[in-house]
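One is the number of the first residue; the rest follow in order along the sequence. Scope of the values below: all heavy atoms of this structure, side chains included, with no hydrogens, waters or symmetry mates. In listed order, ligands and their atoms are each counted from 1.
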Amino acid sequence: MAGLTGHPVLEIGDKFEELQNNIINNNKNKEVIDKAGLVLKGEENSNNNNNNQGGERDMAPPTSNSLHRSGSRPQLDLSKAAIQGNSEERDPTILLPNQSDDISHFALDIGGSLIKLVYFSRHEGQSIDDKRKRTVKEISNGSRRSYPILGGRLHFVKFETSKLNECLDFISSKQLHNGRIDSHYWNSESPNKENAVIKATGGGAYKFADLFKERLGVSIDKEDEMDCLVAGANFLLKAIRHEAFTHMEGHKEFVQIDHNDLFPYLLVNVGSGVSMIKVDGDGKFQRVSGTNVGGGTYWGLGRLLTKCNSFDELLELSQRGDNRTIDMLVGDIYGGMDYSKIGLSASTIASSFGKAISDKKELEDHRPEDISLSLLRMISYNIGQISYLNALRFGLKRIFFGGFFIRGHAYTMDTISFAVHFWSQGQAQAMFLRHEGFLGALGAFMSYEKLGLDDLMVHQLVERFPMGAPYTGGKIHGPPLGNLNEKISWMEKFVLKGTEITAPVPMAPPGTTGLGGFEVPSSKGGTLRSDASALNVGVLHLVPTLEVFPLLANPKMYEPNTIDLSDHCELEYWFTVLSEHLPDLVDKAVASEGGTDDAKRRGDAFARAFSAHLARLMEEPAAYGKLGLANLLELREECLREFQFLDAYRSIKQRENEVSLAVLPDLLMELDRMDEEARLLTLIEGVLAANIFDWGSRACVDLYHKGTIIDIYRMSRNKMQRPWRVDDFDLFRERMLGSEGKKPRPHKRALLFVDNSGADVVLGMLPLARELLRRGTEVVLVANSLPALNDVTAMELPDIVAEAAKHCDILRRAAEAGGLLVDAMTNTLDGSKENCSSVPLMVVENGCGSPCIDLRQVSSELASAAKHADLIILEGMGRALHTNFNARFKCEALKLAMVKNQRLAEKLIKGEIYDCVCRYEPAS
Ligand SMILES: Nc1ncnc2c1ncn2[C@@H]1O[C@H](COP(=O)(O)OP(=O)(O)O)[C@@H](O)[C@H]1O
Ligand SMILES: CC(C)(COP(=O)(O)O)[C@@H](O)C(=O)NCCC(=O)O
Ligand SMILES: [Mn+2]
């Protein structure tokens with residue numbers, strides 16, 4: 001081990017080198033080079049060629065994209081329910097033999113202008129060979145929880161009422177009225193078809209009831225429109241974290257609604273007409289006012305005056321309008337002066353369309369743009385003003401605006417906000433809802449009895465923004481194109497047409513004069529956002545199994561993201577990082593699927609889709625809710641899954657696992673030769689050094705292309721000199737080993753949030769886990785439910801642990817005690833199975849498919865494991881820095897990461913790239 005001055009882990013480096021040389025010198029073993037992945041250069045090729053090697057399947061079983069972020073609680077049929085297995089268990093599995101897998105529901109709100117449809121779809125489940133699930137023993141008190149709950153999603157779709165047939169076609173093509181949505185049921189007859197009843201609200205529920213019976217054979221169960229609006233609004237305000245927002249002078253800000261302080265409020269639904277409802281509680285409300293000057297007025301009058309063909313076209317015109325040519329302003333009357341005594345600026349509209357009387361102009365002499373803007377301002381302002389007066393009547397401070405007239409349109413919202421703010425002198429606040437037009441339909445949907453939807457909590461809902469819908473080309477769309485081929489074809493078609501798939505042009509914030517006046521919107525002359533993207537409504541995944549991580553010190557104050565992307569500079573930087581990383585990611589993704597033409601096509605579509613998301617968010621960062629870096633990183637993973645890249649780094653992970661496992665025994669031997677204190681330091685160093693194997697970091701990927709694993713590992717070790725940039729190691733050592741001869745009690749249970757595959761988990765975290773086990777601490781390895789970059793998943797870990805356990809008694813016994821090794825360990829070192837008293841090593845999934853973790857939404861398995869834990873170790877940049885760096889826990893926490901990004905290093909720890917963080921925090 002020449003020249004490696006006694007630093008134990010560097011000897012491992014030699015071992016690597018030795019292995020590598022042996023292999024390289026031996027032509028017969030050429031294949032092994034590829035398989036073991038010792039040479040990282042040119043790895044795309046080996047990746048391509050090697051994608052489907054058997055070993056890969058062993059190490060990384062195929063995973064499903066629909067594994068965990070799904071699930072729902074539709075009506076359950078509990079008849080003939082029986083406990084499976086041991087009924088003495090605390091939470092035994094319950095079999096529901098009569099529970100149909102494909103219950104689906106949908107509800108309609110058929111308004112004067114638009115039909116809104118909300119439907120539930122079951123997650124298309126796949127059976128997965130999850131060894132962990134079969135073998136792991138229960139974490140809490142020997143019992144294993146079970147959730148006989150189905151996965152599901154809520155979709156939001158709208159159609160023009162005048163095109164009712166499109167809506168009927170949509171329903172029958174999806175077989176929604178038969179309670180079935182899976183394609184293989186398309187032609188099957190539902191037993192209940194004759195008696196099928198669907199919930200609907202809005203006037204069309206009455207008007208079109210016969211047509212529904214005739215065309216679909218279903219009866220309509222009519223729900224009261226006001227009941228539905230209120231139920232929908234209350235649900236959204238309670239269950240969706242980023243539902244309500246303010247919009248003032250072009251600035252959008254999400255409002256955190258306190259569930260206990262929601263009522264009373266004024267709900268203003270601006271549809272064709274306008275309803276104003278004072279809401280005092282669930283089902284407690286009164287319609288206090290309304291106005292017939294609403295969305296229908298704008299669209300109807302606008303169409304007559306401008307000859308526009310669509311609502312969007314009319315709205316788009318307004319963006320280029322100048323209403324001063326047609327509105328009579330205060331300045332027109334006062335000779336260019338303000339009427340400041342009563343607070344009116346010269347630019348305040350004194351009389352909408354007032355100039356048309358004195359002018360000799362005919363309709364044709366006016367620009368349609370100006371007419372549209374004047375009309376929009378007139379109606380929005382009027383609605384804002386009447387709403388305020390009603391809020392004043394009842395002493396209400398908060399006004400929520402819904403209905404599709406709003407259409408997420410910045411200028412409309414600004415005008416309404418302005419009116420409310422101006423007349424209330426800042427006392428009342430206008431807020432808008434992201435699901436603006438779907439309140440009634442959602443309420444109708446919720447009126448299905450025992451659906452369980454209203455029991456769902458914020459943490460059980462995950463909103464996703466799949467691609468497809470924005471590219472269907474029409475103004476009103478169905479949900480995102482379900483069929484992947486269909487989706488890709490659309491994208492290709494657009495590309496062929498030379499239409500760039502970028503987000504539509506932003507609307508510049510309008511300026512105000514400060515007085516009552518309101519300048520024209522500064523126009524960029526662009527088109528309005530395509531309808532679907534302007535909706536800002538995603539697909540709502542209902543996941544009843546998600547829970548708030550119980551060890552968060554203050555869940556209400558918890559904010560996972562460290563990086564605030566509302567800072568535009570920050571946003572631009574991270575967008576560039578992600579865009580630049582895209583080609584490399586696509587290469588890996590395509591290679592992971594065998595590099596076929598189909599994979600290339602999907603890769604291309606993925607790149608376009610993700611770029612479109614980025615462009616969209618760059619324009620309007622709050623389009624999908626409050627945006628943090630973690631959301632962006634998760635969006636990328638979701639987008640990969642959408643294009644069926646289930647594990648882009650599969651072969652890289654497998655190769656790095658193999659290489660690392662090959663040298664693990666030597667590392668363990670070296671560690672065992674050390675005294676406790678040196679060992680603890682070496683272990684922490686080992687975790688930090690091995691965290692460099694991160695395929696999500698641009699800098700690291702560049703490194704991998706320049707050198708072998710050993711080069712990188714060595715470089716990384718050399719950087720390990722203490723003090724680290726954040727260095728609480730002495731505190732941690734004292735807690736672990738004590739001082740002045742006093743031995744502290746060991747931790748009862750440690751949760752180790754692991755990060756990357758390969759060296760990171762095998763040479764970093766596993767040896768640390770082993771040390772804890774040796775000290776009598778139970779260890780729970782917490783890993784991703786779904787793949788993200790090169791992160792190790794909970795499903796892959798048992799095999800890795802089994803492999804490691806072949807060379808280590810401590811790991812073997814602990815893994816056996818934790819139920820990780822049932823059949824895998826027949827050939828152990830000494831074949832002995834006598835020791836079952838060992839503390840267990842377990843694996844749980846975290847409920848995420850992202851390199852970051854939002855501890856407000858973790859798997860129930862993790863939540864249950866956490867109940868007995870007194871130490872949390874968060875590892876890696878995603879889990880310990882981008883998110884959770886500032887999180888406080890009820891138990892001790894150790895945050896370990898290497899900072900693999902220069903800007904983050906400067907910003908977060910005032911340091912340099914490759915600096916390390918070892919932050920130890922006692923229980924708060
Ligand atoms: N694509 C569209 N087609 C027609 N109207 C639209 C469209 N997008 C937004 N709107 C506006 O939304 C209004 C309808 O809002 P909505 O909440 O659906 O009410 P309703 O239930 O009365 O149909 C229309 O009158 C129009 O002002
Ligand atoms: C995605 C990551 C958080 C993963 O890091 P890890 O958690 O594996 O340490 C990280 O690679 C990252 O922030 N990458 C983007 C920054 C960059 O390329 O520099
Ligand atoms: Mn990672």
Side-chain angles (χ1 to χ4, degrees), residues 109-116 158-163 201-204 225 229 269-275 294-303 309-315 376 379 402-409 412 436-441 474-477 528 531 534-535 563 573-574 576-578 580-581 584 629-630 632-634 636-637 649 653 690-702 753-758 760-761 784 787-792 850-853 874-883 896-905 913:
D109 173 5
I110 312 176
S113 306
L114 300 171
I115 302 175
K116 281 73 60 178
K158 69 184 167 84
F159 303 86
E160 285 174 22
T161 308
S162 58
K163 296 179 187 157
T201 188
E225 194 169 340
L229 284 175
N269 192 63
V270 195
S272 308
V274 185
S275 281
T297 318
Y298 173 60
W299 177 205
L301 208 46
R303 201 175 74 85
N309 289 318
S310 75
F311 177 83
D312 278 4
E313 203 183 321
L314 180 66
L315 208 50
L376 181 64
I379 291 167
F404 269 128
F405 168 68
I406 311 286
R407 204 208 169 286
H409 190 243
T412 308
E436 50 186 18
F438 287 107
L439 308 185
K475 287 290 179 195
I476 305 283
H477 320 277
L528 194 67
D531 198 33
L535 282 177
I563 304 290
Y573 172 78
W574 288 102
T576 311
V577 166
L578 294 192
E580 287 178 357
H581 184 241
D584 183 67
L629 183 53
L632 272 187
L633 292 170
E634 184 169 24
R636 181 171 68 182
E637 299 299 332
Y649 290 82
K653 292 196 291 183
N691 190 236
I692 200 164
F693 291 98
D694 163 20
W695 284 88
S697 149
R698 177 67 188 264
C700 292
V701 173
D702 286 350
F753 288 75
V754 296
D755 180 5
N756 304 318
S757 303
D760 198 354
V761 65
N784 266 21
L789 291 167
N790 61 321
D791 292 351
V792 67
S850 154
C852 299
I853 183 165
L874 285 162
E875 189 229 350
M877 198 149 118
R879 291 164 189 80
L881 301 182
H882 289 335
T883 51
L896 298 173
M898 176 186 280
V899 192
K900 291 149 289 190
N901 173 280
Q902 180 63 31
R903 186 181 172 104
L904 190 78
I913 189 164

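For ligand 1, the atoms closer than 4.0 angstrom to any heavy atom of Lys116 are 16 (P), 18 (O), 19 (O), 20 (P), 21 (O), 23 (O). Close approach of ligand 2 to Asn756 is summarised as follows: ligand atoms under 4.0 Å from at least one heavy atom of the residue are 8 (O). In summary, the atoms of ligand 1 found under 4.0 Å from a heavy atom of Gly111, numbered by their order in the structure, are 20 (P), 21 (O), 23 (O). For ligand 2, the atoms closer than 4.0 angstrom to any heavy atom of Arg698 are 17 (C), 18 (O), 19 (O). The contact set between ligand 1 and Gly403, taken as ligand atoms under 4.0 Å from a residue heavy atom, comprises 17 (O). Proximity to Ser272 (heavy-atom distance under 4.0 Å) selects the following atoms of ligand 1: 14 (C), 19 (O), 20 (P), 22 (O), 23 (O), 25 (O). Ligand 1 places these atoms under 4.0 Å from at least one heavy atom of Gly112: 20 (P), 22 (O), 23 (O). Close approach of ligand 2 to His882 is summarised as follows: ligand atoms under 4.0 Å from at least one heavy atom of the residue are 3 (C), 12 (C), 13 (O). Each of the atoms 9 (O) of ligand 2 lies under 4.0 Å from some heavy atom of Asn691. Atom numbering of ligand 2 starts at 1 in the shown order; those under 4.0 Å from a heavy atom of Lys900 are 6 (P), 9 (O), 19 (O). Close approach to Trp574 involves these atoms of ligand 2, each under 4.0 Å from a residue heavy atom: 15 (C), 16 (C). Applying the 4.0 Å criterion to heavy atoms of Val577 picks out, from ligand 2, the atoms 15 (C), 16 (C), 17 (C), 18 (O). Near Asn901, the atoms of ligand 2 lying under 4.0 angstrom from a non-hydrogen atom of the residue are 16 (C), 17 (C), 19 (O). Residue contact check: Gly295 has heavy atoms under 4.0 Å from atoms 25 (O), 26 (C), 27 (O) of ligand 1. Residue Trp299 approaches ligand 1 through these ligand atoms, each under 4.0 Å from one of its heavy atoms: 4 (C), 5 (N). Listed by number with element, the atoms of ligand 1 under 4.0 angstrom from any heavy atom of Gly296 are 25 (O).
Considering only heavy atoms from C-beta on, Val899 comes within 4.5 Å of Leu881 through its side chain. In this structure the side chain of Leu301 never reaches within 4.5 angstrom of the side chain of Arg303, judged on heavy atoms. In this structure, Thr201 and Leu229 have side chains that are not in contact, with every pair of non-hydrogen atoms separated by 4.5 Å or more. Annotation: side chain of Arg698 is not in contact with side chain of Lys900 (no heavy-atom distance under 4.5 Å). When side chains are defined from C-beta on, Asp755 does not count as touching Val761, because their heavy atoms never get closer than 4.5 Å.
Taking the six-membered ring for Trp and thresholds of 30 and 60 degrees, Tyr298 and Phe311 have ring planes more than 60 degrees apart, a perpendicular arrangement.
Scanning all protein heavy atoms for the shortest distance to atom 15 (C) of ligand 2 gives Gly696 O, 3.3 Å. If you check which protein heavy atom lies closest to atom 7 (O) of ligand 2, you get Gly878 N, 2.7 Å. For atom 6 (P) of ligand 2, the closest non-hydrogen atom on the protein side is Asp755 OD2, 3.0 Å. Protein heavy atom nearest atom 2 (C) of ligand 2, with residue, atom name and distance: Asp694 OD2, 4.1 Å. Protein heavy atom nearest atom 12 (C) of ligand 2, with residue, atom name and distance: Met877 CE, 3.4 Å.
Between the side chains of Tyr573 and Asn901, at least one donor N or O sits under 3.5 Å from an acceptor N or O. No side-chain donor from either of Thr161 and Ser113 sits under 3.5 Å from a side-chain acceptor of the other.
The minimum distance between the Mn ion (ligand 3) and any N, O or S atom of Asp791 involves atom OD1. For Asp755, the N, O or S atom with the smallest separation from the Mn ion (ligand 3) is OD1.
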Check step by step if side-chain contact (heavy atoms from CB on, under 4.5 Å) holds for Arg407 and Leu315.
CA-CA 10 Å; Arg407 204 208 169 286; Leu315 208 50; 3.4 Å; yes
Criterion side-chain contact (heavy atoms from CB on, under 4.5 Å) on Leu896 and Arg879, from CA distance to verdict:
CA-CA 9 Å; Leu896 298 173; Arg879 291 164 189 80; over 6 Å; no
So Asp760 and Lys653, salt bridge (charged side-chain N to carboxylate O under 4.0 Å, His left out) or not? Walk me through it.
CA-CA 11 Å; Asp760 198 354; Lys653 292 196 291 183; over 6 Å; no
Before you tell me yes or no, could you show the steps for Leu904 and Ile563 under side-chain contact (heavy atoms from CB on, under 4.5 Å), namely the whole-Å CA-CA distance, both residues' side-chain angles and the distance that decides it to 0.1 Å?
CA-CA 9 Å; Leu904 190 78; Ile563 304 290; 3.5 Å; yes
Test log, rule side-chain contact (heavy atoms from CB on, under 4.5 Å), inputs Leu376 and Thr412
CA-CA 7 Å; Leu376 181 64; Thr412 308; 3.6 Å; yes
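Not one N or O of Arg407 is nearer than 3.5 Å to an N or O of ligand 1, by distance alone. At a 3.5 angstrom cut-off on N or O pairs, Leu114 counts as close to ligand 1.
For Gly202, the heavy-atom gap to ligand 1 stays at 4.0 angstrom or more. Taking 4.0 Å as the cut-off, Tyr298 does not count as a neighbour of ligand 1 on heavy-atom distance.
Ring-centre distance between Phe438 and Phe404: below the 6.0 Å cut-off. If you look at His882 and Trp574, their ring centroids are closer than 6.0 Å.
At a heavy-atom cutoff of 4.0 Å, ligand 1 is contacted by no atom of Glu436, backbone or side chain. Contacts of Phe404 with ligand 1, taken as heavy-atom pairs under 4.0 Å, involve both backbone and side chain. Counting heavy atoms under 4.0 Å from ligand 2, residue Met898 does not touch it at all. Using a 4.0 Å cut-off between heavy atoms, Leu789 contacts ligand 2 through its side chain alone, with no backbone atom that close. Residue contacts with ligand 2, taken as heavy atom pairs separated by less than 4.0 Å, do not involve Phe693 at all.
Backbone or side-chain N, O or S atoms of Asp694 do not reach the Mn ion (ligand 3) at under 2.8 Å. Residue contact annotation: Asn790 places no N/O/S atom under 2.8 Å from the Mn ion (ligand 3).
A distance-only check finds no donor-acceptor pair linking the side chain of Glu634 to the backbone of Ala630 [under 3.5 Å]. Side-chain N or O atoms of Asn269 include one that pairs as donor or acceptor with a backbone N or O of Gly403 at under 3.5 Å. Here the side chain of Asn790 pairs no donor or acceptor atom with the backbone of Asn756 at under 3.5 angstrom. Side-chain N or O atoms of Gln902 include one that pairs as donor or acceptor with a backbone N or O of Ile913 at under 3.5 Å.
Across all non-hydrogen atoms, the minimal contact from Pro851 to Asp791 is CA-OD2, 3.4 Å.
Distances from atom 13 (C) of ligand 1 to the heavy atoms of Phe438, Phe159, Phe311, Phe405 show the closest one on Phe405.
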